[in-house]
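Only a predicted model underlies this, so the values are computations on that prediction, with no experimental measurement involved. Counting convention: from 1, in listed order, for ligands and their atoms alike.
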Amino acid sequence: MKNLLLAFACFIICSLVSAQTGTEQNNEPYRPKFHFTPKAHWMNDPNGLVFHNGVYHMFYQYYPEGRVWGPMHWGHATSKDLINWEEQKIALSPDSLGYIFSGSAVFDEFNTCGLGKNHKAPLVAIFTQHNNEGEKAGLNNFQNQCMAYSNDEGKTWTKYARNPVLKNPGIKDFRDPKVLWYPLGKKWVMALATGDHVTFYSSRDLKNWSKESEFGQSNGAHGGVWECPDLFPIDYNGKQVWVLLVSFNPGAPNGGSTTQYFIGDFDGKEFKPSDTETRIMDYGPDHYAGVTFSNTGHRRILIGWMSNWQYAQVVPTDPWRSAMTIPRELDLKDVDGKLYLTSNPIAELSGRMKEPKQIGSVNVKKEYDLSPKIDFRSATFSLQLADAEAKDFSIVLDNEVGDEMVIGYDKKSNQYYIDRSKSGKIDFETGFGKRSFAPRLASGLINLTLIADMASVELFADGGLTEMTGIFFPRQPVTKIWLKSTDGVKIKDVVYRRME
Ligand code: FRU
């Protein structure tokens, strides 16, 4: 009898365990391990990124009732290390003023808004409310800027009683406020996407806003509407350089949506670009609406939405749609007298990686199978190539059924590329299999880091001067990694690191 009971208990435990791994491995093969995804339902832009009392808060565009875009809420996740995220309850839900669109959050240290309680400064969120009925009725003032505050470390949010705080003057696309504290003028500054350009506003109390200036009618890419601006300074060589990020959709060089940026100066009123070049932040197909955290001191940490409006709503993931990129640390680099942004994976990520596996120098003649050299239990890893010759080569992630996700460098055009034409499921949208290209800004030997997490790759080349982010949906898990080169290529050092 005892044995029978033991066998029965064993059976139950084994079934539970295999059911669980079954969920992980079979039903959700595209669920990343170290990128944030909601447990279920639709997500787009990161919103209200703010660091406060040791906790990173990430809010995000969220529709809790479906896997496609719908009435927007702010979902909420928190993290102590920017890698492990814990989903919290929904922070903001639609009301009579409309859906809760994108926006930002700040720690109002001096309680300028007067909404703090018991001498404690509040967290304040500023976001767009989008009135769907107004849009359907053909009005042009259906997007307005509203505010909410939290006096309990971001756990619960109260909408300001006198919303909206910034009324629409009659501009159809009037949204995505990004607010920053401008210490020189002791005031708040808001960058707002207004149709095909950005308008700057300022305020002493976050509740009353006045217009300062406009930027962009004749700058940058205008293939689509401007969205999700972000304005911030970066210290460079003892000087403050201002960066303005602006996402736009459609019209990206590789199709669909992407983010451009401008380098220049901001005096509290106006943004003046240093030149007329249109710079793209991440040339991969899947990096959009990226914005940076507030209240992180001199660190500039960005998270983007790892998808593209061109197909985001039809990608084959279930029961959720979309992931965020890994957080990236931004800096500047001079290339031939011009400044460019660099993005690199945050240092916290290496803390989560296993000891590096030094593969050493590799001489690729046609193809080199890295797979036997690596502990390869799941496709979550970083691969670093140091001092590779600038000749044609590619990194190929492969599986048992021959799906290939290809990330490479093309010498003739001096471009990096992502080719997912044979990467598995691609027929849910006609443009998905198209090759994406990124110009190489650096010269000389190539150094790159590739971060893969089940169904995505993020390429950081030349110290973060060129990035490419792409999602893919192999029919079977990736089980092989190749280095390939038609003319052969020598790589001084290859390092593989598995994620915990
Ligand atoms: C960008 C965007 C924003 C808007 C939000 C709506 O992806 O279109 O402009 O606030 O998404 O979900």
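Remark: minimum distance from atom 3 (C) of ligand 1 to any protein heavy atom is reached at D176 OD2, 3.3 Å. Ranking protein heavy atoms by distance to atom 1 (C) of ligand 1, first place goes to D45 OD2, 2.9 Å. Closest protein heavy atom to atom 8 (O) of ligand 1: E227 OE2, 2.9 Å. Given atom 12 (O) of ligand 1, the protein heavy atom at minimum distance is Q61 OE1, 2.7 Å.
Within ligand 1, counting atoms from 1 as listed, the ones closer than 4.0 Å to a heavy atom of Y288 are 1 (C), 7 (O). When each atom of ligand 1 is checked for a heavy atom of R175 under 4.0 Å away, the hits are 3 (C), 4 (C), 9 (O), 10 (O). Interface of S102 with ligand 1, defined as ligand atoms under 4.0 Å from a residue heavy atom, comprises 5 (C), 10 (O). The contact set between ligand 1 and M72, taken as ligand atoms under 4.0 Å from a residue heavy atom, comprises 12 (O).
Sequence neighbours left out, the pairs with a member in residues 177-204 that pass salt bridge (charged side-chain N to carboxylate O under 4.0 Å, His left out) are K178-D230, K187-E212. Applying the salt bridge (charged side-chain N to carboxylate O under 4.0 Å, His left out) test to pairs two or more places apart or on separate chains, those with a residue in residues 83-97 are D95-K159.
Looking only at side-chain heavy atoms (C-beta outward), Q61 and F101 come within less than 4.5 Å of each other.
With salt bridges taken as basic N to acidic carboxylate O contacts below 4.0 Å, one links D286 and R420.
In plain terms, the two heavy atoms of L92 and A148 that are nearest each other are CD2-CB, 3.8 Å.
Of the heavy atoms in W309, only side-chain atoms (C-beta onward) come closer than 4.0 Å to ligand 1. Residue contacts with ligand 1, taken as heavy atom pairs separated by less than 4.0 Å, involve N44 solely via side-chain atoms from C-beta onward.
Note that the OH atom of Y62 and the NE2 atom of H73 stand 9.5 Å from one another [nearest 0.5 Å].
A side-chain donor-acceptor contact under 3.5 Å links W226 to the backbone of A221.
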